[in-house]
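Notes for the one structure printed next.
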Amino acid sequence: MADKILILNGPNLNLLGTREPEIYGSESLADIEALCRKAGKELKLEIDFRQSNIEGEMVDAIQSARGTAAGIIINAGAYSHTSIAILDALLAVELPVIEVHLSNLFQRESFRHHSFVSQAAYGMICGLRGQGYTLALQALSSILDKKKAL
Ligand code: DQA
């Protein structure tokens, strides 16, 4: 059976395509989901792609990944910079996590330079727009292969 990857998107990412396209690009979240599904097929990974504007729903989704998913890709949006609850959930599930941001956080306001999610993440990709998600899938795939080879 293919390993399942939870790809979790946080607040306002449902508005991609129309939301500040000069910062986030013109791709919609559905476009990014399609890219992820194509990459998932190539990498033989099952994709569980979700978005929520609600912090508690994101915590529930992360908790439900324990025992059902092999890894997590997360763009927690603004909650990256504020949410200890999301960090704690990521630490609790003990799964490999890759953090993604569409924009380059370090070219933006200083409050975006710190992410709680990073503390639970294997690595972080930012500034590469939608391509960041497919690169994160490739990274997770090789992390999972290495784990299996141990
Ligand atoms: C974001 C960056 C966050 O600072 C912002 O609040 C978002 C999107 C990104 O993908 O670049 O909502 O996570």
Side-chain angles (χ1 to χ4, degrees), residues 3-43 45-66 68-144:
D3 282 332
K4 183 159 91 177
I5 306 300
L6 171 63
I7 304 181
L8 187 57
N9 295 281
N12 299 307
L13 293 169
N14 54 315
L15 302 179
L16 285 180
T18 55
R19 173 193 183 198
E20 299 179 277
E22 64 291 354
I23 295 175
Y24 297 114
S26 56
E27 283 168 310
S28 66
L29 195 61
D31 294 334
I32 292 174
E33 179 174 357
L35 283 179
C36 290
R37 294 202 179 280
K38 186 166 175 273
K41 254 192 200 138
E42 285 160 12
L43 296 164
L45 294 170
E46 189 189 330
I47 303 299
D48 180 5
F49 194 94
R50 304 193 202 181
Q51 188 274 332
S52 175
N53 290 324
I54 299 167
E55 185 177 16
E57 279 184 6
M58 293 184 68
V59 169
D60 285 344
I62 294 164
Q63 287 184 10
S64 73
R66 186 174 206 156
T68 64
I72 299 176
I73 293 172
I74 182 165
N75 180 352
Y79 288 143
S80 315
H81 317 301
T82 62
S83 179
I84 296 167
I86 289 175
L87 167 62
D88 282 349
L90 290 169
L91 291 172
V93 294
E94 295 180 316
L95 290 170
V97 174
I98 309 279
E99 177 179 11
V100 171
H101 297 279
L102 297 145
S103 62
N104 184 338
L105 301 180
F106 304 100
Q107 289 178 347
R108 303 185 64 193
E109 304 95 321
S110 59
F111 63 82
R112 295 185 206 273
H113 297 180
H114 176 265
S115 162
F116 285 103
V117 168
S118 296
Q119 254 171 275
Y122 221 94
M124 192 254 256
I125 297 169
C126 78
L128 300 180
R129 307 259 169 103
Q131 194 195 7
Y133 286 74
T134 55
L135 293 172
L137 275 168
Q138 285 172 24
L140 257 188
S141 170
S142 66
I143 289 165
L144 295 174

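Because only heavy atoms are used, hydrogens play no part in the values below, and waters and symmetry mates are left out as well, while side chains stay in. Whatever order the structure lists ligands and atoms in, that order sets their numbers, starting from 1.
- Proximity to H81 (heavy-atom distance under 4.0 Å) selects the following atoms of ligand 1: 3 (C), 4 (O).
- The closest side-chain heavy-atom distance from I7 to I32 is not below 4.5 Å.
- When heavy-atom distances to ligand 1 are checked against a 4.0 Å cut-off, E20 has no atom that comes that close, whether in backbone or side chain.
- Ring planes of H81 and F111: perpendicular class, angle over 60° (limits at 30 and 60°).
- Distances below 4.0 Å separate heavy atoms of Y24 from the following atoms of ligand 1: 5 (C), 7 (C), 8 (C), 9 (C), 11 (O).
- Within the structure, ligand 1 lacks R129 among the residues with a heavy atom less than 4.0 angstrom away.
- For the pair T134 and L35, the tightest heavy-atom approach, listed with the atom from each and the gap, is CG2-O, 3.7 Å.
- Regarding atom 1 (C) of ligand 1, its nearest protein heavy-atom neighbour is H101 ND1, 3.6 Å.
- Within the 3.5 Å criterion, the main-chain N or O of E94 finds no donor-acceptor partner in the side chain of R66.
- Of the possible polar contacts, one joining the S80 side chain to the G77 backbone as a donor-acceptor pair under 3.5 Å is found.
- By the criterion of a heavy-atom distance under 4.0 Å, the side chain of R112, and not its backbone, is placed next to ligand 1.
- The nearest protein atom to atom 9 (C) of ligand 1, hydrogens excluded, is given as L102 N, 3.4 Å; this is a heavy-atom distance.
- Using a 4.0 Å cutoff on heavy atoms, N75 counts as a contact of ligand 1.
- Here the heavy atom of the protein found nearest to atom 2 (C) of ligand 1 is L105 CD2, 3.7 Å.
- L90 has its side chain out of reach of F116: every pair of non-hydrogen atoms, C-beta onward, lies at least 4.5 Å apart.
- For the side chain to side chain contact (heavy atoms under 4.5 Å, CB included) criterion with M124, the lone passing option out of I98, L105, V100 is L105.
- Looking at L6 and R50, their side chains come closer than 4.5 Å, going by heavy atoms from C-beta outward.
- Of all atoms in ligand 1, listed by their number and element, those nearer than 4.0 Å to a heavy atom of S103 are 2 (C), 9 (C), 11 (O).
- Residue contacts with ligand 1: A78 is placed with a nitrogen or oxygen under 3.5 Å of a nitrogen or oxygen of the ligand (distance criterion only).
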